[in-house]
Undergrad: 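This is the structure I have questions about; it appears just below.
Reminder, nothing fancy here: chain letters follow the sequence lines and each chain counts from 1. For the numbers below, each heavy atom of this structure counts, side chains included, while hydrogens, waters and symmetry mates do not.
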2 protein chains.
Amino acid sequence: MRGHIPTYIKLKSMIQRSIEKRELVPGEKLPSERTLAVTHGLSRMTVRQALSELVTAGALYREQGRGTFVSARKMQQRNIASFSETVRQKGFAPSTRVLEFSSIKPPKDIADKLMAVDAEMYRALRIRLADDIPVALEEVFIPFHICPGLEKKDLTASLYKLIGDTFGHKIASADSSVTALHPNAKQQEHLRITRNTPVLKIDSLYFSGNGQTLYYEHAVYRADMYEYNIRISTQPGK
Amino acid sequence: MRGHIPTYIKLKSMIQRSIEKRELVPGEKLPSERTLAVTHGLSRMTVRQALSELVTAGALYREQGRGTFVSARKMQQRNIASFSETVRQKGFAPSTRVLEFSSIKPPKDIADKLMAVDAEMYRALRIRLADDIPVALEEVFIPFHICPGLEKKDLTASLYKLIGDTFGHKIASADSSVTALHPNAKQQEHLRITRNTPVLKIDSLYFSGNGQTLYYEHAVYRADMYEYNIRISTQPGK
DNA sequence: TCCTAAAATTGGACTATACCAACACTAGCA
DNA sequence: TGCTAGTGTTGGTATAGTCCAATTTTAGGA
């Protein structure tokens, strides 16, 4: 079968939707694994696979001898949120202005982080706006071999999506470092703020599933306009 | 069998140790699932369970038709890091000064977040220091029913550990919101900084595995002394 | 009425097997 | 030499069952 969706994914989505639609409320007990297997005409192992992924994602929790229950927190796709998504979720219209784009030999610290010491790479400097108000100044470094031909692409779109969809690099994780400081002259100018508006500096290194470094991003956000929200989980199975 | 450790956990640990000891190096291919099953005298499904958890944790990655490989990044226990741990890792000596401790009826917004509207709770105001330099001012709200008898405990230790070890609440995740601002008078005084030193404001709500809210923390960090580091992963199976 | 022991239920661990889809490799053909 | 069509390997999905451990429910007895 072509384009066939695995059964356990279907069941998982079904449960996910039920939680989102509040048909299943927090604390509510799900039918037992054996019951779900019979009612859906599946084997118990298949049901377990669907439930296990939802447990890992934090949507459900299990108690041996008691049952499987809906977690109290609302489910959130806690992906690495792109700027565009974040802004849209808050009800603003995101846009992007590309200030500079070139291919360079990167500074040593950035080359080290990307594990590409002698490589040429693309560098882009972009302003990210919400309802046409400049919110962030973003500098991105992408090695040639990650995105060959990037210069022909539209950089006003989401870079996050571009790298995944067009160049086939699925972003799996990111290491970010966050701090606060005062903007320098260039940042003040582009963000149209004074030195006394503190900014959030977020440096992120993005990885694929096999641990390959994809790109490095140095971003500065107007702290009065932008808040960084994350959900951190402890490792499952530990 | 009493105190019996599941086979798949044993296999998982074995592989984990091999990676830590560099017997398995990044990029290296593991034996196939079928081979591992035979050599360890297990069924393939059991082997898959061990490997799956390591894939979820980011230690391994799979490629259909090719094999299972060791990820390039070093494995990190990506737990929610406590202040004490973070400071110690950077080579400083952490300490804590308790400024205020009382039981209060909390402000509405905090009661809402903790889903404990009419509950009394503990409130603690603490200074966190690194080598005796004040780095953070921290305000914590903990409902009575989470930590009964907290007033008898030593609050200069790690609250994170206290809640887990003494009160048996395993912290599973946290929602944090991060922004930058200028300190108010009280914060300036306690952190011994001027209004022009930007600070990182991090508000965190901590959860147990079943989504129960455990406590709320409002913290302000000297941005010139403290950096917030995180690793974010996209959801598995998405 | 209340407590306890047995039975039923539930998730946890594990085996054995089957077929599919993606990929690597190789023998053979042009 | 270079391409192609098989063929085998690998992970992906799914079934059907077994036994165990924790918990809840039920039934009986004091």
Undergrad: Are OP1 or OP2 of D:dT15 and a side-chain N or O of A:Thr46 less than 4.0 angstrom apart?
TA: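 For D:dT15, OP1 or OP2 has a side-chain N or O of A:Thr46 closer than 4.0 Å.
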Undergrad: Is any side-chain nitrogen or oxygen of B:Tyr8 closer than 4.0 Å to OP1 or OP2 of C:dA13?
TA: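 Result: yes.
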Undergrad: Between A:Ser176 and A:Tyr228, what is the shortest heavy-atom contact and its length?
TA: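 Minimum heavy-atom contact is OG-OH, 3.9 Å.
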Undergrad: Is A:Glu53 close to A:Tyr8 at the side-chain level, that is, under 4.5 Å between some pair of heavy atoms?
TA: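 Of all side-chain heavy-atom pairs linking A:Glu53 with A:Tyr8, at least one is under 4.5 Å.
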Undergrad: Could you state the atom-to-atom distance from CG of A:Leu36 to P of C:dT10 in whole Å?
TA: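 Result: 10 Å.
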Undergrad: For the pair made of CD1 in A:Ile5 and P in C:dA21, what is the distance, rounded to whole Å?
TA: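 The distance from CD1 of A:Ile5 to P of C:dA21 comes to 15 Å, rounded to the nearest Å.
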Undergrad: Are any non-hydrogen side-chain atoms of A:Lys10 and A:His40 less than 4.5 angstrom apart?
TA: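 No, too far: nothing below the 4.5 Å cut-off.
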Undergrad: Let me know the distance between NE2 of A:His40 and C1' of D:dT15, rounded to the nearest Å.
TA: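 So the NE2-C1' distance, A:His40 to D:dT15, works out to 17 Å.
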Undergrad: Whole angstroms only, please: what is the CE-P distance between B:Met45 and C:dC14?
TA: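 B:Met45 atom CE is separated from C:dC14 atom P by 12 Å.
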Undergrad: What are the two closest non-hydrogen atoms of A:Ala50 and A:Leu11, and how far apart are they?
TA: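 Closest approach of A:Ala50 to A:Leu11: CB-CD2, 3.9 Å.
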Undergrad: Round to a whole Å and report the spacing from CZ of A:Phe69 to C1' of C:dG11.
TA: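 Going from CZ in A:Phe69 over to C1' in C:dG11 covers 10 Å.
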Undergrad: If you look at every heavy atom in B:Phe141 and B:Pro143, which pair is closest and at what distance?
TA: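 The answer is O-CD, 4.1 Å.
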Undergrad: Are any of A:Ser43's side-chain N or O atoms less than 4.0 Å away from OP1 or OP2 of D:dA14?
TA: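 Indeed not, no polar side-chain atom of A:Ser43 lies that close.
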Undergrad: Start with the C-alpha distance between B:Arg126 and B:Thr156, add both sets of side-chain angles, then the distance that settles side chain to side chain donor-acceptor pair (under 3.5 Å), and finish with yes or no.
TA: CA-CA 8 Å; B:Arg126 311 194 300 173; B:Thr156 66; over 6 Å; no
Undergrad: Expressed in angstrom and rounded to an integer, what is the separation of A:Glu53 atom CD from D:dG12 atom P?
TA: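 Atom-to-atom, A:Glu53 to D:dG12, this comes out as 11 Å.
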Undergrad: Got a list of protein N/O to nucleotides 6-11 of chain D N/O distances below 3.5 Å?
TA:
from, atom 1, to, atom 2, distance (Å)
D:dT10, O2, B:Gly65, N, 3.4
D:dG11, OP1, B:Thr68, N, 3.3
D:dG11, OP1, B:Thr68, OG1, 3.1
D:dG11, OP2, B:Glu33, N, 2.8
D:dG11, N7, B:Arg34, NH1, 2.8
D:dG11, N7, B:Arg44, NH2, 3.3
D:dG11, O6, B:Arg34, NH2, 2.9
D:dG11, N2, B:Gln64, NE2, 3.2

Undergrad: I need the CG-C1' distance between A:Leu42 and D:dA16, as an integer number of Å.
TA: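 For the pair A:Leu42 CG and D:dA16 C1', the rounded distance is 13 Å.
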Undergrad: What pair of heavy atoms forms the shortest contact from B:Tyr226 to B:Thr86, and how long is it?
TA: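 Scanning both residues completely, I find the closest heavy atoms to be OH-CG2, 3.8 Å.
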Undergrad: Go through D:dT13, C:dC14, D:dT15 for me and flag the one nearest to the A:Pro6 side chain.
TA: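 Selected nucleotide (nearest to the side chain): D:dT13.
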